[in-house]
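Below: the structure, in C-alpha cells.
Just so you know, ligand 1 is whichever comes first in the structure, and atom 1 is the first atom listed for that ligand. Positions are given from 1 along the sequence.
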Amino acid sequence: MAEQALVHVPVMMEEVLKLLAPRPGGIYLDCTFGHGGHSRALLNLIGEKGRVMAMDRDPWAVAEGQRLAAVEPRFSITRSAFSDLDAVARAGGVYGQVDGALFDLGVCSSQLDEAERGFSFRGDGPLDMRMDPETGTSARHWLAKAPERDISRVIKDFGEERYARRIARAIVAARAEEAIETTAQLAEIVRRAVPAPKRSARQCRPGAASIHPATRTFQAIRIYINRELEEVDVALRKVVDVLAPGGHLAVISFHSLEDRIVKRFMRDQSRPPRAPRGLPLPEPVAPPALKLLGKLQRPGAAEVSVNPRARSALLRGAEKCA
Ligand SMILES: C[S@@+](CC[C@H](N)C(=O)[O-])C[C@H]1O[C@@H](n2cnc3c(N)ncnc32)[C@H](O)[C@@H]1O
C-alpha cells in the first residue's frame with residue numbers, strides 16, 4: 001500500500017487541511033478517495049473518536065480503501081459515484097452531521113499512468129476511460145457509433161480544442177477503415193488530424209507547458225464518458241444538506257470547466273436571495289446557505305516543482321452557515 005500511495009502525490013494538502021480545519025471527534029467525507037492521501041492526513045488530525053468516510057467509483061481505489069479500513073476502525077469506504085453522497089451519508093448515519101467534505105476532482109496519476117485503464121495516450125491500452133469500468137459506455141464503444149457532430153461537440157466543449165471538427169472528421173474516417181480499439185490508435189489519429197506544424201507537443205499559451213496534441217481530445221472524451229461535470233453539479237447541490245451547520249467544504253478542480261461550476265455554486269449559495277427587480281422579498285428571507293472561505297487558491301511554486309500534476313489545481317472553500 002505504501003508503494004501505491006507514493007504514485008499519487010496528494011495536491012495542496014496544507015491548504016486543504018487549513019480549509020477543512022479538522023477537529024478531534026469530527027466527521028469527514030472524502031468524496032474522492034483515490035490513493036487516500038487526504039483521508040490519511042485527516043485521520044491523523046481527528047483523534048480517536050473522529051471518522052473519515054470515503055467514497056470512490058474506481059474499484060481499484062476502493063480496494064485500496066478497503067485495505068485501510070481493515071486496519072483503521074475510524075475509516076470506511078463505499079464504492080459510489082459522489083453524486084450519491086447523500087445516500088452514502090444516510091447509510092452511514094451522518095446526514096446533516098458532516099464537519100467537512102472534500103472533493104479532489106478528476107483522475108489520479110495512477111489512473112493515467114496504467115495503460116490498461118485506457119485513459120492515456122502515453123502508453124498503449126484498450127480505449128476505455130471509465131473510472132468505474134462496470135458502469136456506462138467505454139470510449140471505444142462511444143467512438144464507434146457516435147455521430148461526427150457529437151464527437152466534435154464533445155471535443156470542443158470539454159476539451160476546448162480548436163481543431164475539434166477536423167479531429168472528429170478524422171475519427172469518423174478512421175473508424176470506417178478499422179475499429180478504433182486502443183489509446184495509441186486514437187492518439188495517432190488526433191495527431192495526424194491537427195495541422196502539421198502543431199503535431200509535436202504544443203503550448204496552449206505563451207509560457208505554458210507543452211502538451212501532446214491529443215491531450216485535449218483525451219480530456220474531453222474522459223469528461224464526457226464519466227459525466228464528470230454532471231457529477232460535480234449534482235454532488236454540490238446535495239452536499240450542503242449533508243454538512244452540519246458550520247461544516248466546511250473544499251473542492252479542488254483541475255480545469256476551468258469544473259472550476260466554473262464550483263465557483264458559480266459557491267457564489268450563488270453565499271449570496272442572500274435576490275428579489276425580482278421592483279418586487280419586495282417575501283418574508284421571512286432565507287439566509288445564504290454558505291459563507292465563502294477566502295478566495296480561489298492555487299498551489300505554490302514549490303509544490304508545482306515537485307508535483308507537476310498540481311500545476312493546474314484550483315482550490316475553493318466554503319462553510320455551511322449555521
Ligand atoms: C485526484 S484523485 C483523488 C486523490 C486523493 N485525494 C488522494 O489523496 O489520493 C480523484 C479520485 O476521484 C475519483 N472520482 C472522480 N470522479 C468521481 C465521482 N464522480 N464519484 C466518485 N469518485 C470519483 C477517481 O476515481 C479518483 O480516484
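- Under 4.0 Å from ligand 1, the heavy atoms of Gln111 that appear belong solely to its side chain.
- When the heavy-atom distances from atom 9 (O) of ligand 1 to His35, Arg40, Met12, Arg227 are ranked, the shortest goes to His35.
- For atom 4 (C) of ligand 1, the closest heavy atom belonging to the protein is Asp104 OD2, 3.2 Å.
- The shortest N/O to N/O separation between Met131 and ligand 1 does not fall below 3.5 Å.
- At least one donor-acceptor pair closer than 3.5 Å links the side chain of Gln111 to the backbone N or O of Cys108.
- Although no hydrogens or angles enter the test, the distance criterion places a donor-acceptor pair under 3.5 Å between the side chain of Gln185 and the main chain of Ala179.
- Under the 3.5 Å distance criterion, the side-chain polar atoms of Glu231 are matched with a main-chain donor or acceptor of Ser83.
- Heavy atoms from both the backbone and the side chain of Arg57 come within less than 4.0 Å of ligand 1.
- Listed by number with element, the atoms of ligand 1 under 4.0 angstrom from any heavy atom of Asp58 are 25 (O).
- With Ser270 contributing its side chain and Met266 its backbone, the two residues share a donor-acceptor pair below 3.5 Å.
- Using a 4.0 Å heavy-atom cutoff, Ser80 is listed among the residues neighbouring ligand 1.
- Each of Leu249, Val262, Ile252 was evaluated against Phe103; a single residue qualifies, Leu249, per the side-chain contact (heavy atoms from CB on, under 4.5 Å) test.
- Residue-ligand proximity: Arg309 is placed with a non-hydrogen atom under 4.0 Å from ligand 1.
- For ligand 1, none of its N or O atoms has an N or O atom of Asp30 under 3.5 Å away.
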What's the verdict on side chain to side chain contact (heavy atoms under 4.5 Å, CB included) for Leu296 and Asp259, showing C-alpha distance, side-chain angles and the deciding distance? CA-CA 10 Å; Leu296 171 70; Asp259 182 58; 4.1 Å; yes
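- At least one heavy atom of Leu105 sits closer than 4.0 Å to an atom of ligand 1.
- What sits closest to atom 19 (N) of ligand 1 on the protein, heavy atoms only, is Glu231 OE1, 2.8 Å.
- Taking the six-membered ring for Trp, Phe75 and Phe33 have ring centres closer than 6.0 Å.
- Closest protein heavy atom to atom 25 (O) of ligand 1: Asp56 OD1, 2.7 Å.
- Judged as a ring pair (Phe, Tyr, Trp, His ring centres under 6.0 Å), and not counting sequence neighbours, Phe119 has no contacts.
- Residue contacts with ligand 1: Phe82 is placed with a nitrogen or oxygen under 3.5 Å of a nitrogen or oxygen of the ligand (distance criterion only).
- Of the options Asp99, Val242, Leu42, a side-chain contact (heavy atoms from CB on, under 4.5 Å) to Leu29 is made by Val242 and by none of the others.
- Put simply, part of His38 is less than 4.0 Å from ligand 1, judged by heavy atoms.
- Looking from atom 8 (O) of ligand 1 to the surrounding protein, the closest heavy atom is Gly37 N, 3.0 Å.
- Heavy-atom distances between Phe254 and ligand 1 stay at or above 4.0 Å for every pair.
- Among Asp56, Asp84, Asp132, the one residue that satisfies the salt bridge (Lys or Arg N to Asp or Glu O under 4.0 Å) test with Arg79 is Asp132.
- Given atom 2 (S) of ligand 1, the protein heavy atom at minimum distance is Cys108 SG, 3.1 Å.
- Ligand 1 has no nitrogen or oxygen under 3.5 angstrom from a nitrogen or oxygen of Val107.
- A side-chain donor-acceptor contact under 3.5 Å links Tyr28 to the backbone of Arg23.
- For atom 5 (C) of ligand 1, the nearest protein heavy atom (residue, atom name, distance) is Phe33 O, 3.3 Å.
- The only member of Glu15, Glu14, Met13, Arg309 that meets side-chain contact (heavy atoms from CB on, under 4.5 Å) when paired with Glu303 is Glu15.
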